[in-house]
Amino acid sequence: RERSGCSSRGPHGRHRAMIAPRAEIPGDGPMTLDMDTHVYWRPEGGGAFLGQGIPEEPDEPLLDVPVDWTFPAVAMEAAGRLVPFWRDLSERLSQAEVSLGAGQYTVTADGLPIIGPTGRIDGLYVHGADNGWGVESAPEAGRRLAQIVLAGRSDPDDPFRIDRPSIVAPAQRLITY
């Protein structure tokens with residue numbers, strides 16, 4: 001972070017829950033994201049993958065991030081706002097039907113990834129700091145990075161440049177996902 005000349009906040013914690021197969025979970029349901037509560041879910045192997053970005057302050061990096069067993073109930077309540085079966089299902093699930101995991105990710109000061117030349121070493125390009133959304137953003141980020149590499153430069157107005165003002169001299173703000 002320091003050598004790149006940009007500011008990042010983090011790491012932040014993120015929980016996820018895998019819910020065992022249940023008849024109530026529609027196997028053909030779409031991935032659903034509630035932009036108000038930051039909860040998301042998708043069908044997975046007869047069950048579901050459930051996650052939620054919960055606002056928190058950055059913390060020190062950890063190798064073993066502790067899980068919070070209250071997370072599934074909080075996330076299912078939030079998911080129930082758009083998909084009501086989650087509220088009913090949360091009352092009937094046992095701990096054995098929930099696999100819980102936790103991890104950390106780094107957040108740039110403006111919440112956007114870094115895509116393009118490093119500016120410090122000729123020919124070195126980066127794509128990173130996806131703020132926890134790397135898998136979802138990888139196809140588009142890869143396309144953008146390939147265009148930059150082929151052109152040999154980045155557009156001065158590119159919102160993902162490593163030297164953009166919003167991460168070189170960031171305003172104080174809380175970013176939540």
Answer whether the closest heavy-atom distance between the side chains of I25 and F85 falls below 4.5 Å.
-> yes

For the residue pair W69 and V98, establish whether any side-chain heavy-atom pair is separated by less than 4.5 Å.
-> yes

Answer yes or no: is there a donor N or O on one side and an acceptor on the other, between the side chain of R164 and the main chain of F160, under 3.5 Å?
-> yes

Taking atom CZ of R153 and atom CG of D158, what is their separation to the nearest 0.5 Å?
-> 11.0 Å

More than 12 foreign heavy atoms under 6.0 Å from CZ of R92: is that the case here?
-> yes

Cluster check L150, I148: I/L/V/M/F/W/Y, side chain < 4.5 angstrom | no

Closest contact, heavy atoms only, A102 versus P66 = CB-O, 3.6 Å

Between atom CH2 of W41 and atom CG of L33, what is the distance when rounded to the nearest 0.5 Å?
-> 12.5 Å

Between V126 and I115, does a side chain to side chain contact (heavy atoms under 4.5 Å, CB included) hold up when you go through it step by step?
-> CA-CA 6 Å; V126 297; I115 304 171; over 6 Å; no

Report yes if the side chains of V74 and V39 come closer than 4.5 Å at any heavy-atom pair, otherwise no.
-> no

Can you check whether D88's main-chain N or O pairs, donor with acceptor, with S90's side chain at less than 3.5 Å?
-> no

Residues in side chain to side chain contact (heavy atoms under 4.5 Å, CB included) contact with I121, at least two apart in sequence or another chain | T118, L124

May I ask you to test the V67-H15 pair for a side-chain heavy-atom distance under 4.5 Å?
-> yes

Can you check whether A141's main-chain N or O pairs, donor with acceptor, with S137's side chain at less than 3.5 Å?
-> no

Is a side-chain N or O of R144 found less than 3.5 angstrom from the main chain of P139, in a donor-acceptor match?
-> no

Considering all heavy atoms of both residues, which atom of G27 and which atom of P43 are nearest to each other, and what is their separation?
-> O-CB, 3.5 Å

Side-chain ion pair, D36 and R81, N-O less than 4.0 Å = yes

Give, for atom CD of E44 and atom CG of L50, the distance between the pair rounded to the nearest 0.5 Å.
-> 12.0 Å

Minimum-distance pair of heavy atoms, taken over all atoms of A79 and W86 | CB-CD1, 3.6 Å

Looking only at heavy atoms, which two atoms of P159 and L112 are closest? And how far apart?
-> O-CD1, 3.9 Å

Kindly compute the distance separating CZ (R16) from CG (L100), expressed to the nearest 0.5 Å.
-> 7.0 Å

Flag side-chain contact, heavy atom, 4.5 Å: L89 against R22 | yes

Okay, side chain of H127, backbone of I114: is any donor-acceptor separation there less than 3.5 Å?
-> no

Verify side chain to side chain contact (heavy atoms under 4.5 Å, CB included) between L93 and M76, making sure each step is shown before the conclusion.
-> CA-CA 11 Å; L93 280 176; M76 286 182 213; 3.3 Å; yes

Say whether S94 and E97, considering side chains only, have a donor N or O and an acceptor N or O under 3.5 Å apart.
-> yes

Any sub-3.5 Å donor-acceptor pair from Q52's side-chain atoms to A78's backbone N or O?
-> no

